[in-house]
Amino acid sequence: MSRCLFFVFVCLAFQAVGQKEIHLDLGAGLTSHVIKDDAMSPVRYTGVLPTLSLGTIKTKIDKKLSEARLTLQYSNIHAKAANDYPTMKGPLFRLDFDYVHLRETDLIKDTTFGTFFAGVSFHTLLSFRFMQQLDNSAIIYDYFSSLGISAAYKHEFNWKRKRLMHYHRLSLPVVSYGSRPAYMNVFDFIAPNENDPIGDAFERASIRSFGSHLRVIFRNSLFYPIKSNNLIGLTYEWQYYGASFTVPIRSAYHAVVFSLLVHL
């Protein structure tokens with residue numbers, strides 16, 4: 001994990017070198033999760049997770065726009081019956097890394113109406129749950145690294161002598177390399193590979209197309225300028241992913257994040 005985080009921070013640092021317009025994005029907020037995972041239970045689990053994000057947003061002089069962002073979430077999730085059955089809850093840790101590379105298009109001829117971008121994206125998702133009541137099947141994970149397509153719309157407007165900007169982006173991963181456990185929610189099951197979750201995850205990993213791994217990422221941001229070309233932002237993000245592995249998973253969340261964008 002430490003090597004993975006080091007690689008991510010190197011990527012973020014590289015994003016901030018030799019570019020025209022760069023902002024370091026520091027964000028914090030809350031994310032509301034809904035998960036239907038038969039590996040945990042046949043019922044839905046919900047939870048509100050504190051969320052931290054670190055990223056960069058670049059606008060290049062050759063009409064390119066790119067984003068790199070690392071997001072961390074952690075807290076407990078629980079089922080509706082958790083009050084009657086205290087074991088129907090457990091911690092969820094989620095890590096997302098997203099890189100989006102977009103180019104300005106000519107779909108909107110008059111730039112006073114905004115700019116439309118299109119391009120490619122790379123997304124990594126790691127969702128880890130620990131359900132102690134399932135004994136040796138307590139470790140439940142989703143891991144996907146995906147290549148996809150993205151589109152964005154950016155528009156600036158005046159409000160009370162300030163130049164605000166709203167930014168909307170849709171990303172759809174197309175092909176993914178992913179892994180999930182094959183065991184169900186049983187307390188007496190011994191996980192494969194002598195209870196080695198990492199080795200088991202890599203052994204089960206496979207390439208998945210859009211049909212067997214569906215994920216949608218939709219972001220809406222509003223940026224307000226402050227001193228020294230810095231910005232403050234408010235972002236709403238909706239995500240959904242589902243995977244038709246041996247044990248299926250369906251998960252969605254709503255996130256609200258406040259951020260400070262520091263001009264570099």
Provide the closest heavy-atom pair for I108 versus G114 in the form atom of the first, atom of the second, distance.
CG2-O, 3.4 Å
Got L49 and Y253 here, is their nearest side-chain heavy-atom distance under 4.5 Å?
no
Donor-acceptor pair, distance only, cut-off 3.5 Å: does the side chain of H263 make one with the backbone of L24?
no
Salt-bridge test for D37 and R180: reply yes if a basic N is under 4.0 Å from a carboxylate O, no otherwise.
yes
Are the side chains of L52 and Q73 in touch, meaning some heavy atoms are under 4.5 Å apart?
no
Side-chain contact test, heavy atoms from C-beta onward, threshold under 4.5 Å: evaluate it for S75 versus P50 and give yes or no.
yes
Beyond-backbone contact of T51 with R94, side-chain heavy atoms, under 4.5 angstrom
no
Is a side-chain donor-acceptor pair under 3.5 Å present for H254 with Y236?
yes
Spacing of R169 atom CZ and S171 atom OG [to the nearest 0.5 Å]:
4.0 Å
Look at the side-chain heavy atoms of Ile, Leu, Val, Met, Phe, Trp and Tyr, link any pair under 4.5 Å apart, and say whether F97 and L147 land in one connected group.
yes
Determine the minimum heavy-atom distance between H33 and S251, stating which atoms define it.
ND1-OG, 4.4 Å
Take M131 and I140 through the test side chain to side chain contact (heavy atoms under 4.5 Å, CB included) and record every step on the way to the result.
CA-CA 8 Å; M131 296 296 167; I140 304 165; 4.1 Å; yes
Is L92 reachable from V43 through a run of hydrophobic residues whose side-chain heavy atoms are each under 4.5 Å from the next?
yes
Do R103 and T105 get their side chains close enough for a donor-acceptor pair, meaning under 3.5 Å?
no
Please round to the nearest 0.5 Å and tell me the distance separating atom OG of S150 and atom CZ of R219.
11.5 Å
Is the number of heavy atoms from other residues, nucleotides or ligands within 6.0 Å of CZ (F258) greater than 12?
no
OG (S66) and CD1 (I57) are apart, to the nearest 0.5 Å, by 9.5 Å
With a 4.0 Å cut-off, would you call R69 and D98 a salt bridge?
no
Over 60° means perpendicular and under 30° means parallel, so tell me whether Y74 and F93 are parallel, tilted or perpendicular.
tilted
Which distance, rounded to the nearest 0.5 Å, do you find between the CG of L125 and the NE2 of H213?
7.0 Å
Taken to the nearest 0.5 Å, the spacing of F218 CZ from W238 CH2 works out to 9.5 Å
Scan side-chain atoms only and decide if S127 and R129 contain a donor-acceptor pair under the 3.5 Å cut-off.
yes
Any side-chain heavy-atom pair from I207 and V175 closer than 4.5 angstrom?
yes
How about Y143 and S145: does a side-chain donor come under 3.5 Å of a side-chain acceptor?
yes
Are T235 and S221 close enough that a side-chain donor and a side-chain acceptor fall under 3.5 Å?
yes
Please assess R208 against S206 for the test side-chain hydrogen bond (donor to acceptor under 3.5 Å, both in side chains), listing each intermediate value before the final yes or no.
CA-CA 6 Å; R208 297 279 167 158; S206 60; 3.2 Å; yes
With heavy-atom distances below 4.5 Å as the criterion, would you say the side chains of F144 and Y241 are in contact?
yes
Atom CG in L260, atom CG in D25: separation rounded to 0.5 Å?
8.5 Å
Passes side chain to side chain contact (heavy atoms under 4.5 Å, CB included), K154 versus T59? Steps please.
CA-CA 12 Å; K154 183 174 72 170; T59 303; 4.2 Å; yes
Here the pair of heavy atoms bringing S53 nearest to T71 is CB-OG1, 3.9 Å
If hydrophobic clusters are built from ILVMFWY residues whose side chains come within less than 4.5 Å, do I217 and L70 share one?
no
Is a side-chain donor-acceptor pair under 3.5 Å present for H123 with S121?
yes
Should L172 and V216 count as side-chain neighbours, where that means a heavy-atom distance under 4.5 Å?
yes
Got P181 and Y141 here, is their nearest side-chain heavy-atom distance under 4.5 Å?
yes
Of the non-hydrogen atoms in A255 and T31, which two are nearest, and what is the gap between them?
CB-OG1, 3.4 Å
So does R215 pair up with D96, basic N to acidic O under 4.0 Å?
yes
Side-chain donor-acceptor contacts of residues 159-168 below 3.5 Å, not counting sequence neighbours, with atom names and distances?
residue	atom	partner	partner atom	Å
R163	NE	E156	OE1	3.3
R163	NH1	N158	OD1	3.1
H166	ND1	H168	NE2	3.0
H166	NE2	H155	ND1	3.2
Y167	OH	E67	OE2	2.5
H168	ND1	N220	OD1	2.5

